[in-house]
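First up is the structure itself, then whatever we jot down about it.
Quantities reported herein were computed from a predicted structural model and do not represent experimental measurements.
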Amino acid sequence: MTVAVGMSGGVDSTVTAWLLTRQGHEVVGLTMQIWDGSVALPDEGRSGCYGPGEARDLAFARDAAQRLGIRHVIVPLAEAYNRCVLDPFRDAYRAGRTPNPCVVCNQRMKFGLLLEEARRQGVAFDRFATGHYARTAFDAALGVHRLLRGVDAAKDQSYFLARLTQEQLRQVWFPLGGMTKDEVVRLAQEAGFSDVAAREESQDFIESESYAPLFDAADNRPGPIIDTAGRELGRHRGIVHYTVGQRQGVGVATGGRLYVRELRPETNTVVMGTRAEVLRPGCRVEDVNWIRGNAPPVGSTCRVLLRYHHPGVDAQLQPLANDAWQVSFAEPQFAVAPGQAAVFYDGDEVLGGGWIAGNHDTERI
RNA sequence: GCGCCUAUCGUCUAUCGGUUAGGACAUAGGGUUUUCAUCCCUAGAAGCGGGGUUCGACUCCCCGUAGGCGCG
């Protein structure tokens, strides 16, 4: 069996490739090349998916492949990354939403165009493996592939994979899904990759402290910061620099903690509220992808994560039109940010995920 | 114009005739983290100006200044 492995040069993907070679598979490493220099990001030695430091990561991946004795292919996808990830990312912020580029990148790039483009270039493989901490399982009775949490609860990355389809899952392997990070690091050392294991790991989105470099002057249009009573508390530096639930960096000092409650692009306004005022009883989730291919029974209960590392909340789902669902939380939730992925779980199983809709049942203040 | 009240970190404030003048918010640094946030830890940061009373004033008194309220 020929297995392609998405290699970033980090310890997880390196161990993944090593495990597969040890199992006797023919392995080929694939690495995306997405940096095109179109954004002014200085090379400060930071590490991230998108930035001038990509050359280092490509070298690390190539080096790891060489030491493993496997073929390594760099797949140029900068144009597609711009179109599929960066542009929608900018559009979302401009519309007052808070995008999750990693979820999109997995759906469209890593488990999509990367494989298409590699095959188009003549790289043949039967399976695609990554170092994600998640598991898949085939339900023979139903004939569907299931997506499950990784065993290492602290590292579980299934949230980021909630938009994968049966077609994608069919050919995917997650060799690290049953392991803990500690075990992976130990394997890396055992396999002679201590240097890789020791390397600082940073999987930031872009090589920058902030997203400001992705936006231009027109996005830095100041506007009012108001409270729920409509009083002006201060001025903001452009709506793209804020997200629902944010407290720091707003610069508004009152007696107590205030959080961004709402972003209003139509009036270029940021609305602040107390913690209690930023609680929501539910939300609408759009464009839901159900992993098994069909929705759970109407009225069923599941656990929903409103962002990565959210502890989750029990919720009831009611279908709306066009793959949208009304989600009612068992307890009001803090900072339900439009644009973030809402991912539904049943125990360890990922049922699916969609996008939190904007201005959901928000009575205007 | 007259009367009354108020004046403390960047902001909102606490306290006391002898204190390292406390807290919260904000800010900065750090931790956590494959998104954005949240959260946690640490740090810097103050007595409007001028007189006086007192062994000693941020605290009490007076003047000034500024703001608020009431009368006009």
Side-chain angles (χ1 to χ4, degrees), chain A residues 6 8-13 32 34 46-51 57 85-86 88-90 92-110 130-134 150 152-163 176 181 184 200-212 214-215 225 227 231 233-236 239-263 270 272-275 278-280 305-313 333-343 353 355-356 358:
Chain A
S8 67
V11 63
D12 292 332
S13 59
M32 291 196 297
I34 57 177
R46 302 178 69 94
S47 157
C49 292
Y50 183 77
D57 295 332
V85 180
L86 291 180
F89 178 88
R90 296 186 181 97
Y93 267 111
R94 287 166 180 150
R97 297 193 299 271
T98 306
N100 185 325
C102 300
V103 173
V104 176
C105 181
N106 281 323
Q107 174 189 2
R108 304 288 307 275
M109 306 297 300
K110 291 180 191 165
T130 70
H132 281 97
Y133 289 84
D152 187 338
K155 291 296 298 180
D156 171 44
Q157 292 165 327
S158 59
Y159 173 89
F160 292 106
L161 304 172
R163 310 252 337 137
L176 307 188
K181 181 76 180 188
V184 170
E200 190 70 29
E201 269 193 296
S202 165
Q203 292 138 314
D204 292 335
F205 167 38
I206 66 171
E207 293 176 34
S208 172
E209 281 190 272
S210 82
Y211 291 166
L214 291 174
F215 296 95
I225 300 174
D227 63 15
R231 282 184 296 260
L233 302 174
R235 307 284 296 172
H236 69 251
I239 210 170
V240 301
H241 301 293
Y242 302 85
T243 182
V244 170
Q246 178 175 341
R247 171 162 86 93
Q248 305 225 17
V250 182
V252 173
T254 62
R257 298 183 175 187
L258 286 184
Y259 303 85
V260 173
R261 174 190 154 105
E262 193 187 341
L263 298 170
V270 173
M272 307 294 289
T274 61
R275 192 170 184 93
V278 185
L279 293 172
R280 286 286 145 78
L305 269 58
L306 299 169
R307 48 166 45 76
Y308 186 51
H309 281 150
H310 182 231
V313 58
Q333 293 299 298
F334 174 72
V336 183
Q340 288 284 289
V343 176
W355 307 109
I356 297 171

For [N], give its Watson-Crick or G-U wobble partner with both distances under 3.5 Å, or none.
{"N": "B:A57", "value": "none"}
{"N": "B:A26", "value": "none"}
{"N": "B:U6", "value": "B:A66"}
{"N": "B:C71", "value": "B:G1"}
{"N": "B:A46", "value": "none"}
{"N": "B:A37", "value": "none"}
{"N": "B:U32", "value": "none"}

Are the aromatic ring centres of A:Phe215 and A:Tyr211 under 6.0 angstrom apart? no
In whole Å, measure the gap between the [atom1] atoms of [N] and [M] for me.
{"N": "B:G51", "M": "B:G68", "atom1": "P", "value": "28 Å"}
{"N": "B:C55", "M": "B:A66", "atom1": "P", "value": "35 Å"}
{"N": "B:C61", "M": "B:U54", "atom1": "C1'", "value": "12 Å"}
{"N": "B:U20", "M": "B:A57", "atom1": "P", "value": "16 Å"}
{"N": "B:U32", "M": "B:A7", "atom1": "P", "value": "45 Å"}
{"N": "B:A43", "M": "B:G22", "atom1": "P", "value": "12 Å"}
{"N": "B:C58", "M": "B:C4", "atom1": "P", "value": "26 Å"}
{"N": "B:U59", "M": "B:A14", "atom1": "C1'", "value": "13 Å"}

Any donor-acceptor N/O pair, A:Asn100 side chain to A:Ala341 backbone, under 3.5 Å: no
Using a heavy-atom cut-off of 4.0 Å across all strands, would you classify [X] as base, sugar-phosphate, or nothing?
{"X": "A:Val252", "value": "sugar-phosphate"}
{"X": "A:Arg275", "value": "sugar-phosphate"}
{"X": "A:Gly339", "value": "nothing"}
{"X": "A:His310", "value": "nothing"}
{"X": "A:Val260", "value": "nothing"}

Has the side chain of A:Gln248 got a donor or acceptor that lies under 3.5 Å from a partner of the other kind on the base of B:U27? no
Donor-acceptor pair present, A:Arg257 side chain and B:C25 base, under 3.5 Å: no
Interatomic distance, A:Tyr50 atom OH to A:Asp204 atom CG [nearest 0.5 angstrom]: 15.5 Å
Inter-residue atom distance A:Ile356.CD1 - A:Thr98.OG1, 0.5 Å rounding: 9.0 Å
Integer-rounded Å distance: [N] [atom2] and [X] [atom1]:
{"X": "A:Gln246", "N": "B:A37", "atom1": "CD", "atom2": "P", "value": "6 Å"}
{"X": "A:Tyr308", "N": "B:U34", "atom1": "OH", "atom2": "P", "value": "5 Å"}
{"X": "A:Tyr93", "N": "B:C36", "atom1": "OH", "atom2": "P", "value": "7 Å"}
{"X": "A:Ile356", "N": "B:A37", "atom1": "CD1", "atom2": "P", "value": "15 Å"}
{"X": "A:Asp227", "N": "B:C12", "atom1": "CG", "atom2": "P", "value": "15 Å"}
{"X": "A:Leu258", "N": "B:U27", "atom1": "CG", "atom2": "P", "value": "11 Å"}
{"X": "A:Leu233", "N": "B:G10", "atom1": "CG", "atom2": "C1'", "value": "16 Å"}
{"X": "A:Tyr50", "N": "B:U35", "atom1": "OH", "atom2": "C1'", "value": "17 Å"}

Do you know the tightest heavy-atom contact between A:Leu306 and A:Gln340? O-CB, 3.6 Å
Looking at every non-hydrogen atom in both residues, tell me the closest pair between A:Gly51 and A:Glu207 and how far apart they are. C-OE2, 3.1 Å
So, A:Asp12 versus A:Tyr133: side-chain donor-acceptor pair below 3.5 Å or not? yes
Both A:Phe160 and A:Thr254 contact RNA chain B. Taking the nearest nucleotide for each, which residue is further toward the 5' end? A:Thr254
Considering heavy-atom distances to RNA chain B, does A:Phe89 or A:Gly256 have its closest nucleotide positioned more toward the 5' end? A:Gly256
What nucleotide, of [options], holds the atom closest to the side chain of [X]?
{"X": "A:His309", "options": "B:C25, B:U35, B:U33", "answer": "B:U33"}
{"X": "A:Ala253", "options": "B:U11, B:U35, B:A37", "answer": "B:U11"}
{"X": "A:Phe205", "options": "B:C25, B:A37, B:U35", "answer": "B:U35"}
{"X": "A:Tyr259", "options": "B:C25, B:U34, B:C39", "answer": "B:C39"}
{"X": "A:Phe334", "options": "B:C36, B:U35, B:U38", "answer": "B:U38"}
{"X": "A:Gln157", "options": "B:C25, B:C36, B:U34", "answer": "B:U34"}

Compare side-chain N and O positions of A:Lys155 against OP1 and OP2 of B:U34 and report whether any pair is under 4.0 Å apart. yes
Just to confirm, is there a sub-4.0 Å distance from OP1 or OP2 of B:U33 to any side-chain nitrogen or oxygen of A:Arg307? no
Students often mix this up, so state it plainly: with edges at 30° and 60°, are the rings of A:Tyr308 and A:Tyr159 parallel, tilted or perpendicular? tilted
